[in-house]
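Note sheet for the following structure.
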Amino acid sequence: MKNKRFWKFALLLLVPLALYLGIMAIVEHNSWKLRTISLIHSPEPGRAQFSPDGRTLFCRDGGSDVYICDVKLRTARLSQIGYYRYFIENGKYVVSAGSSGIVIRSMPDEKLVTKVPKDFFPVGVLADGSTLIGRMDGKDRRNLFRWKWRSDHNPKFHVRLSQENDNFFYILADKATITDGTRFWNLATGKLRFKSPTEARVFDTSPRFITFLSPDRKTVQIWNYQTGKLHKKMSLTNPTLTTALSPDGTMLATENSSKILQVDVWDVKSGRLLRQLPIPSNTGMVWGIAFSPDNGTLAVSFTCAIYLWRIK
C-alpha cells in the first residue's frame, strides 16, 4: 500500500516536470532560429528600423529606395515613400521626405494623406503619436514648434532651448528628450538635461538609455540620459562598426567582422557574451542592426538580405 502511494506521489511530481521540460525544449528550439528576407536589388541596405507594432521593418538601400518588409511573412517590397523619417500613431502613418517635400503617408498602402506646412521641418513626434515637433525656417534656431497634424492649420510655438544649436535634432525613444547628439534637452521645459560625457559617437537609444561607441570601436558606454548617470561600460572582444541596444536595455548587439562575419549579443547587466550569430554568407558586410519593440526579434541588414532571429 505504501509503495502504491509513493508511486502516485512521484507521478504527481514527474508529470508537471516532464511537461515543463518539454515546453522549455520547444521554446529553446524555436528561439534564435534564423529567418531570411531577400532584398534582391539592394547590395547596400542601410539601417534597419522596426515599426512601433513590430510587424514591419523599414530598410533604406544605398540609394534613395526604401524596402518595406513584412516580418511575419518574410517578404519585402520597394516603397514609393522616399526617405522615411519616423512613424506616427503607432505605425499607422509615416513622415517622409521626397520630391514632393515632407509629407505624411498612410501605411502600408503608402497613400499621401497630407503635406507638412511650408517652412516647418519636423524632427520627431511626442508621446501622443500625432503632435510633430520641429523647427521653422527663418526663425530662431533655439525655438521649437509643435504641429498637431490632424487639427492645427499652422505650427505653434512649443519651447525655447536653453542653449543655441545649429546641428540636426532628433527626439529620443522616451518622447520627452531631444538631442543634437552631444546635448540632451527636456522637451517640455527646454532645459539642458545631459551632456555627452566623452568624445565617443552616439550610436543607439532606448526609452531610457543611450550608447556611445569609442573612437577605437572597442568600448561601449551606456548612459541613462534621463538621470545623466553611467549605466554600464562594456569592453568588446573585437572592434565593431554597428551596435543596437534592446528597448528594455538588457541586451546589446554588436557587429563583429574580425574573423568570421557574425553578430555578438551581450547581456548588459553582467557584460557576458550571450550568443554569437554567424551571418550565412561569405561576402558583404553588416549595414544595420535593430531589436523589435517587444525585444523579441533581432534584425540584421546585410548585403541583399535581412536576417531575423526570434529571441523568444
Side-chain angles (χ1 to χ4, degrees), residues 47-60 66 68-72 79-98 100-136 143-159 161 168-180 184-190 193 204-210 225-226 244-249 290-297 299:
R47 186 177 178 86
Q49 179 187 1
F50 280 93
S51 62
D53 59 12
R55 298 175 182 176
T56 307
L57 189 68
F58 273 46
C59 184
R60 186 183 180 191
V66 175
I68 297 179
C69 307
D70 187 305
V71 175
K72 185 177 181 180
S79 168
Q80 304 298 317
I81 66 171
Y83 179 64
Y84 71 92
R85 296 192 179 278
Y86 48 85
F87 297 96
I88 57 178
E89 297 194 7
N90 200 34
K92 295 179 181 178
Y93 304 90
V94 65
V95 179
S96 65
S100 57
I102 302 175
V103 301
I104 295 176
R105 295 182 181 273
S106 59
M107 293 298 297
D109 56 19
E110 304 178 45
K111 289 183 178 179
L112 176 64
V113 178
T114 187
K115 289 187 177 182
V116 171
K118 185 181 179 182
D119 299 327
F120 179 60
F121 186 82
V123 297
V125 63
L126 294 182
D128 65 4
S130 61
T131 303
L132 279 61
I133 297 293
R135 283 173 163 170
M136 295 293 294
N143 293 336
L144 296 178
F145 294 81
R146 67 180 183 272
W147 178 57
K148 292 186 177 181
W149 74 278
R150 289 188 177 277
S151 58
D152 291 345
H153 182 68
N154 293 310
K156 300 176 181 178
F157 176 79
H158 179 69
V159 74
L161 300 181
F168 180 77
F169 281 128
Y170 56 97
I171 295 176
L172 298 185
D174 67 344
K175 305 299 184 183
T177 307
I178 189 167
T179 182
D180 62 357
F184 301 79
W185 290 270
N186 185 309
L187 196 50
T189 65
R193 173 180 283 172
D204 197 38
T205 68
S206 75
R208 283 191 299 159
F209 303 109
I210 189 164
Y225 58 79
Q226 295 176 343
L245 186 66
S246 63
D248 62 2
F291 283 93
S292 62
D294 66 352
N295 307 285
T297 301

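Because only heavy atoms are used, hydrogens play no part in the values below, and waters and symmetry mates are left out as well, while side chains stay in. All of these numbers come straight from a predicted model, not from anything done at the bench.
Under the side-chain contact (heavy atoms from CB on, under 4.5 Å) criterion, Arg193 pairs with Asp174, Thr177, Asn186, Gln226, sequence neighbours left out. Take Lys148 and apply the salt bridge (Lys or Arg N to Asp or Glu O under 4.0 Å) test, not counting sequence neighbours, and it matches no residue. With sequence neighbours excluded, the residues forming a side-chain contact (heavy atoms from CB on, under 4.5 Å) with Ser130 are Glu89, Asp128, Trp149, listed by chain and number.
The distance from atom CZ of Arg135 to atom CG of Leu144, rounded to the nearest 0.5 Å, is 7.0 Å. Note that NZ of Lys175 and CD1 of Ile133 are 11.0 Å apart. Values are rounded to the nearest 0.5 Å. Atom CD1 in Ile178 sits 8.5 Å away from atom NE2 in His158 (nearest 0.5 Å). Rounding to the nearest 0.5 Å gives a distance of 8.0 Å between OG of Ser51 and CG of Asn90. Summarising the geometry, atom CZ belonging to Phe58 is positioned 4.0 Å from atom CD1 belonging to Ile68; distances are rounded to the nearest 0.5 Å. With rounding to the nearest 0.5 angstrom, the CZ atom of Arg146 is 10.5 Å from the CZ atom of Phe120.
When all heavy atoms are compared, the tightest approach of Ala244 to Phe291 is O-CE1, 3.4 Å. Shown here for Gly54 and Pro293, the closest heavy-atom pair between the two residues is CA-CD, 3.8 Å. Closest of all the heavy-atom pairs between Gly91 and Met107 is O-CB, 3.5 Å. Between Val113 and Ser106 the shortest heavy-atom distance is CG2-N, 3.6 Å. Between Ser292 and Pro247, the shortest heavy-atom distance links the atoms O-CG, 3.4 Å.
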Please step through side-chain contact (heavy atoms from CB on, under 4.5 Å) for the pair Val103 and Arg105, ending with a clear verdict. CA-CA 7 Å; Val103 301; Arg105 295 182 181 273; 3.9 Å; yes

Does the side-chain contact (heavy atoms from CB on, under 4.5 Å) test come out yes or no for Val95 and Ile88, once each step is laid out? CA-CA 7 Å; Val95 179; Ile88 57 178; 4.0 Å; yes

Go through Val159 and Trp185 one step at a time and tell me if the side-chain contact (heavy atoms from CB on, under 4.5 Å) criterion holds. CA-CA 11 Å; Val159 74; Trp185 290 270; over 6 Å; no

Could you walk me through whether Phe50 and Val71 pass the side-chain contact (heavy atoms from CB on, under 4.5 Å) test, one step at a time? CA-CA 9 Å; Phe50 280 93; Val71 175; 3.8 Å; yes

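Here the side chains of Thr179 and Tyr170 are in contact, with some heavy-atom distance below 4.5 Å. Between Thr131 and Trp147, the closest side-chain pair of non-hydrogen atoms is not below 4.5 Å.
Taking the six-membered ring for Trp and thresholds of 30 and 60 degrees, Tyr225 and Phe184 have nearly parallel ring planes, at less than 30 degrees apart.
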